[in-house]
Every structure is written in C-alpha cells, then in structure tokens.
Amino acid sequence: MSRALVLGGGGITGIAWELGLLAGLSEAGLDIMSPDLVVGTSAGSVVGAQILSGERIEDLYDRQLADPSGEAGGRMGAGALARFVIASAWPGGASRGRAYLGRAALRASTNPESDSRAVFESLVPRDSWPERRLLVTAVDAATGEPRVFDRESGVQLRDAVAASCAVPIVWPPITIQGHRYIDGGVRSIANADLAAGCDRVVVLAPATFALRRSGRISRQLSSLGRDVRSVVVTPDAQARASIGRNVLDPAQRAASARAGRRQGAVVASDVKAVWSAR
C-alpha cells in the first residue's frame with residue numbers, strides 16, 4: 001500500500017497553514033511526514049521541499065512565527081484576477097487558456113527574476129532533490145502545457161519550486177532550460193490526479209477554487225480509482241479568518257500557522273482513518 005500527500009497552492013499564508021496543520025497532525029501522533037509520494041503545487045511545493053529535507057516539523061513551524069518585518073509580499077489585483085477568470089473560460093481547451101495567462105505574465109511588469117530566485121534560496125533548505133518521491137508542478141508560459149519536475153528531470157529543486165510559485169502577473173516567470181514557467185496552480189490548485197498509483201491520498205488544500213471541472217479536486221480524486229481512499233482538508237472558518245483576504249501577505253503568516261496547528265488536532269482522526277487504513 002502506498003500513500004500520497006498532496007499539498008495545494010495558497011500563497012504565503014498557505015505555506016504557513018499547511019506547515020501548521022502538519023505540525024498539529026504530528027503532535028496528535030499521526031506519522032504523515034513519511035509519505036511514498038508528495039505532490040507539491042505552488043505553496044505546496046515549498047512545503048513539500050521543506051518537509052522532505054530532513055528538518056524537524058517543529059523547526060519548520062517555528063520559522064512561520066517569525067517577525068515578517070521587511071519580508072516582501074504581494075497582492076493579486078482585480079486585473080490579474082480577471083485574467084484568471086478569462087483563462088478558465090478560454091475556448092478551445094485548457095492549454096490555450098493557460099497560454100493566454102502565460103502571455104500576460106510574460107508581458108507584466110514585475111520584480112526581476114533574480115529577486116524571485118533569491119527568495120527560494122532561503123525558503124528551500126537545499127537544492128538537491130529528496131530521496132522520497134517529490135513532484136513539483138508548473139506551466140509553460142508560452143504553450144500553456146503543464147510540466148512536472150522531479151528528481152529525474154535534470155532541474156535543480158529550487159528552480160522547480162520557484163517556477164511552481166511564479167504567480168502570473170504578480171511575480172515573474174522562471175526560466176528553466178530555455179523555457180519560462182508560471183505557477184503550477186494555473187493547471188490545478190492541487191493537481192491531485194498526479195497521485196495516480198497510490199492507495200491512500202491526503203490532500204491539504206488552502207484553496208479549492210476551480211472554474212474548469214478538470215481542475216476540481218473532487219473530480220481529480222475520483223479519477224484515481226474506486227479503491228483509493230482519500231480525504232481533503234481545507235481551512236475551517238477560524239483558519240479562513242486568520243488567513244485573511246490576501247494570501248500573499250506575510251503579516252498573516254504566523255496567525256495562519258497557528259490556525260493550521262489548531263485545526264490539525266481537530267482533523268487528526270479523519271486523516272488517520274485514511275492514512276493508517278489497511
């Protein structure tokens with residue numbers, strides 16, 4: 001029996017909430033830190049790289065509580081949100097809509113790519129891929145085609161994570177092997193269908209929105225097969241209040257982490273029913 005941990009996108013606060021949730025689950029006695037597969041999308045790719053680095057979850061959690069002063073954040077304005085909606089409704093297939101969004105990202109005026117790369121020097125503990133299987137999602141900005149990076153892809157881990165977190169129009173596309181890549185969440189907020197082949201799947205999803213049916217977490221999980229047991233954990237009302245309206249605001253990071261830890265204790269039995277099932 002194999003187990004997959006799917007970590008969805010959700011910005012700076014999503015990273016904090018997921019790490020808090022994992023800390024809460026671990027504190028409740030659930031061994032969820034040793035999956036056979038981790039699927040990381042955007043914020044989830046950061047968390048995946050961190051938890052598979054060998055660092056203690058308590059240390060990763062404690063760093064989320066640090067003073068955010070001087071830390072750069074971001075905001076997705078109305079124009080960017082409108083482009084996401086247009087891309088989701090673009091005729092002729094999902095890749096064409098993603099390419100539309102990619103073109104907008106390539107034209108956008110953002111901070112230099114080098115600045116984004118520097119951020120991941122501190123976020124991702126090491127540049128080598130972990131021994132456990134980690135899939136990091138991104139989207140080719142020019143073609144709209146999804147790309148899944150792993151240990152066999154010939155790409156450095158930090159580059160893959162930076163690409164997965166390149167929120168279109170907010171942060172610059174990341175150049176890898178001559179291609180420019182944008183956020184893996186453009187394809188799907190969690191990419192849960194990449195857990196194919198696993199018998200038990202736990203999805204931590206700071207956000208669940210998906211205008212296209214193919215991107216919906218429930219639809220992706222159903223595609224894995226009837227015998228696959230799964231559970232999806234999303235922020236509860238208290239966690240949503242802690243996260244706030246802007247998921248790219250580092251000032252909400254500590255509150256989001258604490259809310260995730262509290263929620264971990266609440267959902268531990270539901271997660272255990274899937275994770276520890278035989």
Side-chain angles (χ1 to χ4, degrees), residues 7-24 26-27 40-81 105 108-127 136 157-174 182-185 204-207 235-264:
L7 303 168
I12 291 171
T13 57
I15 294 172
W17 177 79
E18 288 181 6
L19 286 171
L21 192 69
L22 289 168
S26 295
E27 188 175 37
T41 295
S42 197
S45 71
V46 175
V47 175
Q50 289 185 347
I51 66 172
L52 296 182
S53 70
E55 290 199 65
R56 295 173 61 250
I57 185 59
E58 286 299 329
D59 294 335
L60 295 171
Y61 171 77
D62 286 345
R63 285 209 290 274
Q64 296 302 308
L65 308 181
D67 184 352
S69 298
E71 183 178 339
R75 177 177 289 277
M76 189 173 294
L81 289 171
S109 177
T110 63
N111 63 300
E113 187 176 339
S114 58
D115 287 0
S116 288
R117 289 181 181 275
V119 169
F120 292 94
E121 291 287 331
S122 59
L123 281 179
V124 180
R126 60 188 185 190
D127 213 7
V136 174
L157 178 57
R158 285 180 181 137
D159 285 347
V161 173
S164 189
C165 294
V167 181
I169 308 170
V170 179
W171 289 314
I174 298 297
I182 56 176
D183 198 304
L204 307 187
D236 59 16
Q238 187 174 336
R240 290 195 300 272
S242 297
I243 289 169
R245 293 180 178 273
N246 181 14
V247 300
L248 302 179
D249 182 4
Q252 298 301 119
R253 187 182 61 218
S256 300
R258 292 189 179 98
R261 183 158 197 156
R262 175 201 54 78
Q263 191 177 352

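Here the structure is a predicted model, which is why all the values come from computation and not from measurement.
- Between Gly10 and Pro206, the shortest heavy-atom contact is CA-CB, 4.0 Å.
- The two residues Leu204 and Glu18 come nearest to each other via the heavy atoms O-OE2, 3.5 Å.
- The shortest distance between side-chain heavy atoms of Val47 and Leu22 falls below 4.5 Å.
- Minimum interatomic distance between Pro235 and Gln263 (heavy atoms only, all atoms of both residues): CA-OE1, 3.6 Å.
- Side-chain contact between Glu113 and Ile174 is present, with heavy atoms from C-beta onward closer than 4.5 Å.
- Minimum heavy-atom separation, Ala239 to Arg262: N-NH2, 3.9 Å.
- With sequence neighbours left out, the salt bridge (charged side-chain N to carboxylate O under 4.0 Å, His left out) criterion links Arg56 to Asp59.
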Verdict with supporting geometry, Leu19 and Ile51, side chain to side chain contact (heavy atoms under 4.5 Å, CB included) = CA-CA 9 Å; Leu19 286 171; Ile51 66 172; 4.1 Å; yes

Derivation of the side chain to side chain contact (heavy atoms under 4.5 Å, CB included) call for Arg117 and Asp159 = CA-CA 7 Å; Arg117 289 181 181 275; Asp159 285 347; 2.5 Å; yes

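- Residues Ile15 and Arg253 form no side-chain contact, since every pair of their non-hydrogen atoms from C-beta on lies 4.5 Å or further apart.
- At least one donor-acceptor pair under 3.5 Å links the side chain of Ser53 to the backbone N or O of Gln50.
- Heavy-atom minimum distance, Ser164 versus Val136: CB-CG1, 3.6 Å.
- Atom OG of Ser45 and atom CZ of Arg158 lie 13.5 Å apart (nearest 0.5 Å).
- Closest non-hydrogen pair, Gly185 versus Thr41, comes out as N-CG2, 3.4 Å.
- In this structure, the separation between CH2 on Trp171 and CG on Leu248 is 4.5 Å, given to the nearest 0.5 Å.
- For the pair Val170 and Thr110, the minimum side-chain heavy-atom distance is 4.5 Å or more.
- Of the inter-residue distances, the one linking Ile243 atom CD1 with Asp249 atom CG reads 12.0 Å to the nearest 0.5 angstrom.
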From CA spacing to verdict: side chain to side chain contact (heavy atoms under 4.5 Å, CB included), Arg63, Glu55 | CA-CA 12 Å; Arg63 285 209 290 274; Glu55 290 199 65; 3.1 Å; yes

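- The CD atom of Glu27 sits 6.5 Å away from the CD atom of Glu58 when rounded to the nearest 0.5 Å.
- Between the CD atom in Glu121 and the CZ atom in Arg126 there is a gap of 15.0 Å [rounded to 0.5 Å].
- Taking 4.5 Å as the limit, some side-chain heavy atom of Val46 sits within range of a side-chain heavy atom of Cys165.
- Atoms CZ and CH2, from Arg240 and Trp17 in turn, are 10.5 Å apart once rounded to the nearest 0.5 Å.
- A heavy-atom distance below 4.5 Å is not found between the side chains of Gln252 and Ser242.
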